[in-house]
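Below: the structure, in structure tokens.
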Amino acid sequence: MQSAANFPLKWNLSPLVSSSKVQLVNLKQHRKAHALHCLRSEEHEEKFENSSQDKLGVSSVVKEDKHKDIWSLFREAQQNILYLKKQRLAAVEELEKLKNERVELLEKINQLEEESHIVVKKADKSSILWELLLRVDSMVLNGLIGTEEASSMRQLVREHEANISEFPLDVLQQGDAQVLAELRRFPNKDKRNGLHVIHICTEMDPLVSVGPLASYITGLSCALQGKGYLVEVILPKYSTLDLEEVEGLREIEADAYSYFNGQLHANRIWNGVVSGVGVTLIQPLYYGSMFSRDKVYGYPDDVDRFAYFSRASLDYIAKSGKQPDVLHIHNWQTAIVGPLFWDVFVNQGLEGTRILLTCQGFDSKASHVASFLFFPLCLVPPEKLELCGLDPASVHRADRLQDNTNPQLVNLLKGGIVYSNKVVIMPSSPSEGRTLHRNSIPGLEPTLAVHKEKLCFAPFGLDNSKWDPSIDVYLPQNYSAEDIRGKSICKVELQRQLGLVEDVSTTIVGCIFSEISGVDLESLKSLVRRTAKNDVQFVIMMMNEDQMIIKELEKAQDEIEKTRFVTGNNEVVSHLIFAGSDIMLYLNFFQDPLLQVPLKALKYGTVPIELNPQTGNCFRHVGTHEQEATTTAKIFNSLFGRMSLGQALDLMKKDGRLWELKIKEAMEKDLCCDVHVSAYTSIKNL
């Protein structure tokens, strides 16, 4: 066998070597590229790692800052919680202290009450009785009450002799004004002694309003209920009624029957409450068209309509078992209730009921409203009375319903006056008072003369939206009986506007006249001269713009110090005079009804003092009016005891507290309501 070295080399190896060299070069290039790629990858990864580390660093800083903020807020919250805990502990301690003080105070009060009861038990009833009677004497002498009220007070004390020990002894140690206030409350404590009054009428605000009757009914009813009376109103159910104003309106299921034109007719009865007053609505079924009309008044059959309603009202009252103390009827529309009651119904369980008639709207020239409230509709043939069940022959007489001017007719309003126990005569506007104060109701003068003892005159009520110091837009500061401080601000403003010395302690006497005819200027100037020496300022307003009078007043103002005369009808100044004055001089109550000076003075906490030839000699004598002794005048006298100007000034100076009490009492007076309360009480005692 031969060795490899001995073999001959016959093959060509050059291509193989050349190919290997190429592959080796390619391999080296590939490795170089791979190394470069790896190097670049490492650089990229390094950059990425560096970038990530930077981002992580920023994030960690933000987190660290947030962490610090959270801890700061937490520490602040802890501090607030600690502060609130301290405050709570302090409040708890204060509350505990107040509780202890309250317990101690209650113990002292109980102890004092026990001691008071012991004193009352030991007190002799007769000694308390006589002390009260003697205090009443003192009230009269001091002008706090009049003789008539004093008589009533004495009677009151005697009637309560059995329980006189209930009168608080601490009040007996106080002044006359405090004792009087307690006496007036004494009989009404813890009980309602008011009478039961039913109005039978044709209007009531806000249900149906045509004339002054509507607001009068609502206002009087609310005022009476405030005094403890039980008041109801019966109205026709007009189709034009604003029933949305009725609370709890409901229809009574059973029909009520009433007599008319020889037959019994069914009526639908509705009940509800309006302004806190119980209201009954009567809806005729057979005569359904009577009150289903566009207007309340002004139809040819008005007498038939309201005669039906009057009879239906009485039938409803009798059959429902009501026993009111007073049936209050209004104007000619329901005046027929008077004769119907006494001739037909009085023996149907109504023996204790009495009738009061209010008359309004007599001046047929004054307004279209007054024309249908009075003439000529209340004059009808006697046969008309048969419709509602009256006997024409028995009432068509001179002393009953026969008209004074037309004997062939009957006068429904005259029948109301004759058959009523009391008649309240009211103007339907302030200006109409001039007619009423002369007893000049058209066609009824002889009837009023015969029944003058029944007559009671009530003033036309104030417009409370305009004349109320608590809301008066003309005053620099409003005030009321509860907070009278604003009156002093009004006084200073009045002094400033008129150029008087500004001093709230100076007494201002105001005086406002609508005309000069009833004023004796020389006497008035003499009075001012005498009184102005006593640190008194006078503000006198004459609404008459006569140039001669203005010159005379300007001359008088130059002659008299501390006096200002104002002429013309300046509404802002007139309101300010009422509010800023302490005393208001006025003419006879019925001599100047247009201005209603005494009513406005009472409302504004200003004492009204009447001047006449007997007290001040400032006014020309105009004759004595019987109305001066009416209930209206008596109420004024009960407040201020017919004080003269000098007596009023003395009282202000000597007893300021008593003066303020009288002012507040006057501001709380509702003169119209008080006149009616007096009338109700007088007829109930018949």
Side-chain angles (χ1 to χ4, degrees), residues 135-146 150 173-181 469 479 481 483-496 498 500-512 523-540 560-564 576-586 597-598 601-612 614-618 636-669:
R135 292 295 288 272
V136 172
D137 295 344
S138 174
M139 296 171 195
V140 178
L141 295 176
N142 288 330
L144 193 58
I145 59 175
Q173 309 305 317
Q174 300 178 27
D176 288 346
Q178 288 79 10
V179 174
L180 176 60
Y479 62 93
D483 185 358
I484 203 171
R485 289 174 295 180
K487 187 171 176 65
S488 298
I489 297 175
C490 294
K491 173 187 281 191
V492 174
E493 177 63 18
L494 177 63
Q495 293 169 327
R496 188 192 67 79
L498 298 182
L500 293 166
V501 176
E502 298 177 24
D503 185 354
V504 72
S505 63
T506 300
T507 300
I508 295 182
V509 178
C511 195
I512 299 180
S523 296
L524 178 59
K525 289 189 288 185
S526 177
L527 173 70
V528 172
R529 287 192 186 96
R530 293 195 308 269
T531 310
K533 298 177 182 179
N534 301 323
D535 195 24
V536 175
Q537 297 172 341
F538 278 84
V539 177
I540 301 172
I560 308 172
E561 296 182 0
K562 304 178 183 177
T563 302
R564 293 293 182 271
L576 200 54
I577 291 174
F578 279 108
S581 299
D582 299 289
I583 297 171
M584 182 66 66
L585 306 181
Y586 71 98
V597 170
L602 287 177
K603 191 78 172 179
Y604 280 71
T606 302
V607 174
I609 300 295
E610 178 185 356
L611 287 180
N612 55 46
Q614 285 71 42
T615 60
N617 199 33
C618 293
F636 270 88
N637 295 338
S638 70
L639 286 169
F640 305 108
R642 296 188 68 86
M643 285 190 294
S644 66
L645 176 59
Q647 290 171 330
L649 292 172
D650 288 341
L651 180 60
M652 281 188 68
K653 184 177 180 180
K654 294 178 181 178
D655 196 340
R657 184 176 180 184
L658 175 58
W659 179 267
E660 185 174 337
L661 286 171
K662 291 172 77 70
I663 289 297
K664 290 182 177 181
E665 181 183 0
M667 292 181 71
E668 293 173 344
K669 280 286 183 182

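Every value quoted in this text rests on a predicted model; they were computed, and no experiment measured them. The chain is numbered in sequence order, starting from 1.
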Under the side-chain contact (heavy atoms from CB on, under 4.5 Å) rule, what do Leu645 and Ile583 come out as? Steps first, then yes or no, please.
CA-CA 8 Å; Leu645 176 59; Ile583 297 171; 4.0 Å; yes
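- Contact check for Thr507 versus Asp535: no side-chain heavy atoms found under the 4.5 Å cut-off.
- Inter-residue side-chain proximity for Pro598 and Met584 is flagged as unmet; no heavy-atom pair is nearer than 4.5 Å.
- Counting heavy atoms from C-beta outward, Ile508 and Gln495 have side chains that approach closer than 4.5 Å.
- A 4.5 Å side-chain heavy-atom check between Trp659 and Lys664 finds every atom pair outside the cut-off.
- Under the 4.5 Å side-chain criterion, counting only non-hydrogen atoms from C-beta, Val597 is in contact with Phe578.
- Arg485 pairs by the salt bridge (charged side-chain N to carboxylate O under 4.0 Å, His left out) definition with Asp483, not counting sequence neighbours.
- Rounding to the nearest 0.5 Å places CD1 of Ile609 at 8.5 Å from CG of Leu649.
- Between Lys491 and Lys487 the shortest side-chain heavy-atom distance does not fall below 4.5 Å.
- Taking the side chain as every heavy atom from C-beta outward, Ser581 and Val509 never approach each other to under 4.5 Å.
- Looking at Val539 and Cys511, their side chains never come closer than 4.5 Å, going by heavy atoms from C-beta outward.
- Panel note: side chain Gln537, backbone Leu500; no donor-acceptor pair is recorded below 3.5 Å.
- Taking OH of Tyr479 as the start and OG of Ser488 as the end, the distance is 9.5 Å to the nearest 0.5 Å.
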Before giving the answer on side-chain contact (heavy atoms from CB on, under 4.5 Å), spell out for Thr506 and Lys562 the whole-Å C-alpha distance, their side-chain angles and the decisive distance to 0.1 Å.
CA-CA 10 Å; Thr506 300; Lys562 304 178 183 177; over 6 Å; no
When you look at Arg496 and Glu493, which way does the salt bridge (charged side-chain N to carboxylate O under 4.0 Å, His left out) test go after all the steps?
CA-CA 5 Å; Arg496 188 192 67 79; Glu493 177 63 18; 2.7 Å; yes
Apply the test side-chain contact (heavy atoms from CB on, under 4.5 Å) to residues Arg657 and Gln178: give CA-CA distance (whole Å), side-chain angles for both, the deciding distance (0.1 Å), then the verdict.
CA-CA 11 Å; Arg657 184 176 180 184; Gln178 288 79 10; 3.4 Å; yes
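- Between the CE atom of Met652 and the OG atom of Ser505 there is a distance of 9.5 Å, given to the nearest 0.5 Å.
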May I have the step-by-step check of side-chain contact (heavy atoms from CB on, under 4.5 Å) for Met667 and Leu602, ending in yes or no?
CA-CA 5 Å; Met667 292 181 71; Leu602 287 177; over 6 Å; no
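- Not counting sequence neighbours, Asp655 has no partner by the salt bridge (charged side-chain N to carboxylate O under 4.0 Å, His left out) test.
- Remark: side-chain polar atoms of Tyr604 are not paired, donor with acceptor, to backbone N or O of Ile577 under 3.5 angstrom.
- At least one donor-acceptor pair under 3.5 Å links the side chain of Gln647 to the backbone N or O of Ser644.
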